[in-house]
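Reading through the structure tokens given below for one structure.
Hydrogens, waters and symmetry mates are skipped; everything else that's a heavy atom, side chains included, is used.
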Amino acid sequence: MNRLAEETSPYLLQHAHNPVNWYPWGEEAFARAREEDKPVLLSIGYAACHWCHVMERESFEDETTAQLMNELFVSVKVDREERPDVDAVYMDAVVALTGQGGWPMTVFLTPNGEPFYGGTYYLPEPRHGLPGFGQVLAAIAEAYKEQRDDVATQAASLVEALQRSSQLAPSREPLTEALLGEAERVLRTQYDPQWGGFGRAPKFPPASTIEFLLRRGVFDLALGTLDGMRAGGMYDLVGGGFHRYSVDAEWLVPHFEKMLYDNALLVPAFLHAFVLTGERSYREIVEETVDYCLRELRLESGGFASAQDADTEGVEGLTFTWTPDEVPREELLQPFEHGRSIIRGRLAPEERSALFAVRERRPQPLRDDKAIAAWNGLMLAALAEAGRRLERADWLDAACELAEFLLGPLSNAGRLHRTWRDGVAKGTGYLEDYANVAHGLYELHLATGDLRWLRESRRLALLAVEHFVDRERGGFFLTPADGEALVARQKDLDDNPTPSGNSMLAFVLLRLSRLWGDDELERHAAGVLRLVRDALTRAPQAFGWSLCALDLYLSPPREVAIVGEPRSELARAALRGFDPNAVFAFGPDEEVPLLQGKKLVEGGPAVYVCERFACRAPVTDPAELADR
């Protein structure tokens, strides 16, 4: 056993029995490195990562390799999901060094935390002209000992580059509708008309980009991508839910881990497609995916686990693939490897049930059962909106329990923790935690009419502004001002695979600014958009949620106050359509400016449709809302 045995992260606990003398991230490891004048070997991964498991088996469980690591380095293991700040800094360093990133990631640091060399997966033995991991270890240790000046120069150069990257200046050009049109044009050039999605293999689910396209009415690209993803393979036709990504262009052969965040983001995308088209098969994907999340990822606490592993008993995809004798129709099978196949095609309900029963008798992949605030915030938004639109009271009950979990066990003195597992909450909340939870709470307010959730949404958003804002250049840092100081303080701006904390907070602030008439919140949101303005048209697929926020920012203000019973026919009619740039609030209430003075009409519910707080006469007939 090493020091990781005292941790709560399932990923770190997986490595607690390695012969490597692992340390968790912290001062103890760096103090020892300084005392013994050794470089730090930083290894970053996550529990559901297939290649992380491979490198563990090949290198970290190997006695000879472990002895080399223990003699030459102070080795530190980090769960990237627990510490996105550490991951972001050193991933940027590895990309700067090698031109690419990924996990497992290995970075070599000075005892002061400055990176000077790194890469991703390393082979255990020399192959294809590449050195083995042992050779890399020996060469790095030798360079650190014999070429200290070169190491120091490389480290200083990397740190300077990392610090510069977090000091992006805002654009001085205007934020205009033309940016949205140009983003659409570029996305169309990148679109795969045969299979849907953007670019070539591998393909990741572009949930934020789909949301932008649906907002803009670009249905061919949005629906074509949704149809490609749901065909089977990356989408689990038997058990519901989406795998992480497809290794091919056809969405067929997945990388088999299932992440909470992918499913939480794809539920609203398919839900909005159903609302816009009425196509029932989109609703079925929503139902199957939510059912999967509730069945496989929900914790007794009311929160949701992070992921299911790609591997079962050391074999990738073993649980999710099939042999010909197990499947009644041969045309459903698409070849995978080792004589096993992937199911693709249309399953009848009875076939799906029978196959699921067979699969449930197999060994199941491990579950990373730590709850992450940010990902649970996304799931809260998905559950709340899907429960409201599809009138699933059980989903709304689950959403309320999840909100209580986020504001209870995952909070302390009003501020969010990052993770929770087995009754232990730990880590500071990062920007995306505050932004996503605030987003989920707003959606829960719309689903329930309970003003508590709206007030909590605003409270967390204001806390995010207070603790994360960059008052000099605009936007928000990944870490709070009172968080641990790393070699650089980063800003997360990229919306892949999840909305960045910046784009989501901008989106939340714009909604709240229109309910409260708060121009300062809108200015903070615009500050984010100015940071990414010039990138929106160069790489729109990387900034899908920023484009959604810009679409909201540029839209004519439309505020809707709903007074009275939240489940009345009038309230349901007000919320029924897809009006993504309108903001809604339930009253009566005198604390929310939009709701002030809004009363019942003759004792019954009423809807007030407003523009910049100038409101039309209240509506009491659901049929009238169709024209508003």
Subject >> Heavy-atom check, side chain of Glu82 versus side chain of Trp25, under 4.5 Å >> reply: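 Not in contact.
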Under 4.0 Å between a Lys/Arg side-chain N and an Asp/Glu carboxylate O for [X] and [Y]?
X: Arg244; Y: Glu316; value: no
X: Arg298; Y: Glu401; value: yes
X: Lys77; Y: Glu7; value: no
X: Arg367; Y: Asp369; value: no
X: Glu211; Y: Arg215; value: no
X: Glu569; Y: Arg576; value: yes
X: Glu385; Y: Arg389; value: yes
X: Arg329; Y: Glu351; value: yes
X: Asp192; Y: Lys203; value: yes
X: Asp236; Y: Lys258; value: yes
X: Asp79; Y: Lys370; value: yes
X: Arg362; Y: Glu326; value: yes

For [Y], is there any backbone N or O sitting under 3.5 Å from a side-chain donor or acceptor partner on [X]?
X: Arg421; Y: Ser9; value: no
X: Asn2; Y: Ala16; value: yes
X: Ser59; Y: Glu56; value: no
X: Gln364; Y: Arg359; value: yes

Subject >> Charged tip of Arg80 within 45° of Trp103 ring normal and under 6.0 Å >> reply: yes
Can you tell me if [X] and [Y] form a side-chain donor-acceptor pair at under 3.5 Å?
X: His53; Y: Asp311; value: no
X: Tyr261; Y: Glu432; value: no
X: Glu58; Y: Tyr122; value: no

Specify whether [X] and [Y] have parallel, tilted or perpendicular ring planes, treating 30° as the upper limit for parallel and 60° as the lower limit for perpendicular.
X: Phe60; Y: Phe133; result: perpendicular
X: Trp545; Y: His439; result: perpendicular
X: Tyr442; Y: His445; result: tilted

Validation row, ring centre [X] to ring centre [Y] under 6.0 Å:
X: Phe198; Y: Tyr191; result: yes
X: His243; Y: Phe320; result: yes
X: Phe256; Y: Phe336; result: yes

